[in-house]
Amino acid sequence: MVKRQAYQPILITDASRSQDDQLTSRQKRYVLMMGIRVACLVVGAVLVVAKAPLLWLWLPLLGLGMVLIPWLAVLLANDRPPKEEHRLANKFHPRHRDDTPPMSLTANDRPHKIIDIEP
């Protein structure tokens, strides 16, 4: 006799975020980072016009920000986030994942069709 496998529910909290949600969050992060880059450019221009003290320190820092931020923004915009663990219990006691679909029947448990042939 074949032992029937227990039903394993699929938890919605284990599902990853949708592609649209991931794309939207990456787009928002990209726009925010590019906004910071523009702010670095504007602050640099204001400091040059105002002849601010320690200009020799601020301009290289702002220039470094204007060079590194676009590079980081592109990397982060093209990178999908890792799958999050939603339940603390899964970290200590991972559930056994079964390859069979939920509520599947084995060949012996499936109902058999009775074909009635009338002469």
Side-chain angles (χ1 to χ4, degrees):
M1 178 176 215
V2 177
K3 185 177 179 181
R4 189 170 186 181
Q5 298 194 4
Y7 170 69
Q8 298 243 340
I10 298 173
L11 299 175
I12 191 67
T13 55
D14 290 341
S16 61
R17 292 174 52 202
S18 71
Q19 295 283 341
D20 291 337
D21 287 344
Q22 290 179 13
L23 179 64
T24 302
S25 66
R26 290 194 317 252
Q27 286 173 338
K28 287 178 183 177
R29 188 181 321 128
Y30 179 81
V31 168
L32 175 69
M33 292 180 81
M34 294 311 275
I36 292 171
R37 179 185 185 210
V38 169
C40 286
L41 179 67
V42 170
V43 168
V46 168
L47 289 176
V48 167
V49 169
K51 297 182 182 167
L54 299 175
L55 192 61
W56 58 270
L57 175 67
W58 291 113
L59 285 182
L61 288 175
L62 292 171
L64 188 65
M66 287 186 290
V67 170
L68 289 180
I69 288 175
W71 177 71
L72 288 172
V74 169
L75 282 179
L76 292 175
N78 290 326
D79 186 32
R80 289 182 41 202
K83 183 177 179 183
E84 300 172 0
E85 288 291 332
H86 293 284
R87 295 189 181 272
L88 187 59
N90 289 343
K91 292 184 180 183
F92 296 114
H93 304 290
R95 290 191 332 221
H96 173 67
R97 301 265 179 188
D98 195 7
D99 292 336
T100 59
M103 301 288 287
S104 66
L105 299 176
T106 62
N108 294 337
D109 293 338
R110 290 190 186 121
H112 299 284
K113 267 189 175 176
I114 299 175
I115 302 173
D116 186 20
I117 302 175
E118 293 182 27

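Keep in mind that what you see is a predicted model, and the values were worked out from it rather than measured. Heavy-atom basis, side chains included; hydrogens, waters and symmetry copies ignored.
- The side chain to side chain contact (heavy atoms under 4.5 Å, CB included) check on Pro60 picks up nothing, with sequence neighbours excluded.
- Of the options Thr24, Leu76, Leu72, a side-chain contact (heavy atoms from CB on, under 4.5 Å) to Arg29 is made by Leu76 and by none of the others.
- Other residues sharing a hydrophobic cluster with Leu47 under the 4.5 Å side-chain heavy-atom criterion for ILVMFWY residues are Val43, Val48, Leu54, Leu55, Trp56, Leu57, Trp58, Leu59, Leu61, Leu62.
- A pairwise comparison of heavy atoms in Met66 and Arg37 identifies O-NE, 3.1 Å as the closest pair.
- Shown here for Gly65 and Pro70, the closest heavy-atom pair between the two residues is O-CD, 4.1 Å.
- Rounding to the nearest 0.5 Å gives a distance of 11.0 Å between CG of Asp21 and CZ of Arg26.
- For the atom pair CH2 (Trp71) and CE (Met33), the distance works out to 10.0 Å, reported to the nearest 0.5 Å.
- Scanning for side chain to side chain contact (heavy atoms under 4.5 Å, CB included) contacts around Val74 gives Tyr30, Asn78, with sequence neighbours left out.
- Annotation for Val46: hydrophobic cluster partners, listed by chain and number, are Val38, Val42 (ILVMFWY side-chain heavy atoms under 4.5 Å, direct or chained).
- To the nearest 0.5 angstrom, Leu64 atom CG is 9.0 Å from Ile69 atom CD1.
- Partners of Val67 under the side chain to side chain contact (heavy atoms under 4.5 Å, CB included) rule, at least two apart in sequence or in another chain, do not exist in this structure.
- Residue Val49 is found outside any hydrophobic cluster, as its side-chain heavy atoms come under 4.5 Å of no other Ile, Leu, Val, Met, Phe, Trp or Tyr.
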